[in-house]
Protein chains: 2
Amino acid sequence: MDTPALASQPCPDDILAQSAALMSSQGYHGTSMRDLARTTGRSLSGLYHHFANKEELLYLINERGFSPLLANAERLRGEYRSGNGRPVAAGPASAALLCDLIGSHLGYFGSHLNEMRVLMFGTQPMSSAHGQAIRQLKERYTEIFNFAVGQYIEARREAATATEIERKTYLLFGMMNWIFGWYSLDEHGPVEALAEEIYTTFTKGCLALRPAAARDE
Amino acid sequence: MDTPALASQPCPDDILAQSAALMSSQGYHGTSMRDLARTTGRSLSGLYHHFANKEELLYLINERGFSPLLANAERLRGEYRSGNGRPVAAGPASAALLCDLIGSHLGYFGSHLNEMRVLMFGTQPMSSAHGQAIRQLKERYTEIFNFAVGQYIEARREAATATEIERKTYLLFGMMNWIFGWYSLDEHGPVEALAEEIYTTFTKGCLALRPAAARDE
DNA sequence: TTCGATACCGAACGAACGTTCGGCCTGTCA
DNA sequence: TGACAGGCCGAACGTTCGTTCGGTATCGAA
């Protein structure tokens with residue numbers, strides 16, 4: 001009898017990678033199990049040895065694609081906090097944290113473009129349990145960036161409100177994530193240079209105070 | 001005999017709006033003609049009175065959703081150029097152009113969220129002719145922003161290379177377009193305030209010079 | 001040498017898909 | 001009053017979908 005992959009044996013990486021490639025260009029619903037069987041060089045039924053159903057495959061792509069990125073971000077925040085009995089000035093440290101986070105994000109993006117594209121299509125096609133799990137990973141990740149942006153601003157000008165920090169964090173994510181639609185190594189150079197440009201643009205830009213008349217809350 | 005809508009009679013707006021709403025949350029392939037018939041309160045076959053096939057419906061959503069936005073941007077650029085026998089200083093004028101473009105973009109985004117989401121899913125499911133048409137609209141639109149960003153920078157610091165301007169334009173689009181994933185009127189206030197924040201962040205950020213060591217080209 | 005688990009397959013299932021067809025109303029205009 | 005076109009159906013077409021089932025080849029442990 002087949003064991004229908006209750007997360008028992010790990011799903012082979014080549015299946016996940018090739019599925020991500022297909023889904024990133026055609027979408028989840030636009031990619032059929034027969035497409036996947038053909039490109040992975042397996043039979044249709046053979047695929048079901050590695051995951052219970054198509055939806056779980058989507059979950060695995062999301063989970064395995066995103067976890068290393070989150071782990072790295074959590075490590076960076078941990079280093080920032082442990083070096084923070086504050087003999088070191090908070091200013092340079094918060095700049096370094098933000099810079100490292102951006103570099104980590106874009107570096108991973110550049111080498112996992114397909115998985116990141118799938119990730120951005122959203123959790124909507126997933127079962128509530130799987131969708132919830134992925135959404136939690138994303139929230140934890142967002143929270144780290146939110147923290148870093150808050151620390152950066154706090155060390156340099158009058159404190160921003162929580163929702164202002166949140167908005168600015170989303171602007172930063174916008175600059176970083178939008179590259180999925182236009183970036184190519186040949187035309188735009190290595191991601192490291194791009195990361196630096198985004199870091200510079202964001203940090204120079206986010207410190208501006210809004211005119212008092214337009215202040216929110 | 002039915003005339004299968006060779007762009008003859010215009011497709012009713014309610015069909016386009018409700019189709020965009022459905023497709024924006026489930027994707028093109030994830031939305032069936034039966035879904036559309038149910039939500040528009042029509043029969044399955046009755047839908048085909050207004051467009052030749054599902055793919056043309058996608059094209060119509062894209063075309064009708066994007067055209068007003070492009071027209072507005074072209075008008076703004078026209079006004080900028082006509083006011084440019086340069087008695088007026090180029091600096092303030094280029095700032096106003098950029099500010100207006102951002103305001104136009106976000107204003108339209110805010111009131112056509114579903115159509116814009118569909119637009120961002122890409123032209124891939126469309127036939128080559130339709131896809132090509134939409135891609136051209138997008139290119140003309142991008143080119144206008146590219147022009148505005150170039151003018152803005154040129155009036156304020158040493159000239160940037162074409163690819164640097166292009167990259168910065170994409171960063172701006174990233175900040176603006178990414179809002180589709182997080183923005184809600186209740187939590188984040190009116191789009192006008194957001195437009196101003198993006199304008200400020202971008203203009204303050206984009207003038208920074210990259211350290212010579214990292215200069216490209 | 002037998003055993004059981006692992007990795008895989010061909011063939012088929014029922015359901016859902018996009019699309020088509022013939023016909024039915026309800027106006028308008030001659 | 002009759003002809004006709006536009007807007008819309010119900011029912012069905014052939015195809016493709018995700019998934020299942022019974023079976024086979026391989027291989028390390030007993």
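Chain identifiers are assigned alphabetically (A, B, ...) following the order of the sequence lines, protein sequences preceding nucleic acid strands; residue numbering begins at 1 within each chain. All values reported here derive from a predicted model rather than from experimental measurement.
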What's the [atom1]-[atom2] distance between [X] and [N], to the nearest Å?
| X | N | atom1 | atom2 | answer |
| --- | --- | --- | --- | --- |
| B/Leu57 | C/dT19 | CG | C1' | 14 Å |
| B/Asp14 | D/dG7 | CG | C1' | 13 Å |
| B/His50 | C/dT19 | NE2 | C1' | 16 Å |
| B/Glu55 | C/dC17 | CD | P | 19 Å |
| B/Arg42 | D/dC9 | CZ | C1' | 13 Å |
| A/Lys54 | C/dA16 | NZ | C1' | 13 Å |
| A/Leu44 | D/dC21 | CG | C1' | 13 Å |

Item to check | Close side-chain approach of A/Thr163 and B/Glu187, heavy atoms under 4.5 Å | outcome: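 Not in contact.
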
Checklist entry - Taking the side chain as C-beta and beyond, is there a heavy-atom pair between A/Arg167 and A/Leu171 under 4.5 Å? => result no

Next on the checklist: Rounded at 0.5 Å granularity, tell me how far CE in A/Met116 sits from CG in A/Asn62.
Outcome noted: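 Reported value, rounded in 0.5 Å steps: 8.5 Å.
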
Item to check | Positions of residues 22-36 of chain B (non-hydrogen atom under 4.0 Å from DNA chain C), listed by number | outcome: B/Thr31, B/Ser32, B/Met33, B/Arg34

Item to check | B/Leu16 vs B/Glu115, side chain to side chain contact (heavy atoms under 4.5 Å, CB included): CA-CA, chis, key distance, verdict | outcome: CA-CA 9 Å; B/Leu16 289 181; B/Glu115 286 82 356; over 6 Å; no

Checklist entry - Is there a side-chain polar atom (N or O) of A/His49 under 4.0 Å from OP1 or OP2 of C/dC8? => result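 False: A/His49 side-chain N/O out of range (4.0 Å or more) of C/dC8 OP1/OP2.
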
Item to check | ring-ring contact (aromatic ring centres under 6.0 Å, His included), paired with B/Tyr170, selected from A/Trp182, A/Tyr183, A/Trp178, A/Phe180 | outcome: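 That would be A/Trp182.
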
Checklist entry - Counting side-chain heavy atoms from C-beta on, which of D/dC9, C/dT19, D/dT20 comes nearest to A/Tyr48? => result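 Comparing D/dC9, C/dT19, D/dT20 against the side chain of A/Tyr48, the answer is D/dT20.
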
Checklist entry - Reckon B/Leu47 touches a base, only the sugar-phosphate, or nothing at all at heavy-atom distances under 4.0 Å? => result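 Answer is nothing: B/Leu47 stays at 4.0 Å or more from every strand.
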
Next on the checklist: Could you tell me if A/Tyr80 and A/Gln151 have a donor-acceptor pair between their side chains, going purely by distance under 3.5 Å?
Outcome noted: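 Side chains of A/Gln151 and A/Tyr80: pair found under 3.5 Å.
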
Item to check | Mutual orientation of the aromatic rings belonging to B/Tyr141 and B/Phe173 [parallel < 30°, tilted 30-60°, perpendicular > 60°] | outcome: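 Because their plane-to-plane angle lies in the 30° to 60° range, the rings of B/Tyr141 and B/Phe173 count as tilted.
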
Next on the checklist: Under 3.5 Å, is there any donor-acceptor pair linking the side chain of A/Ser45 to the base of C/dG10?
Outcome noted: yes

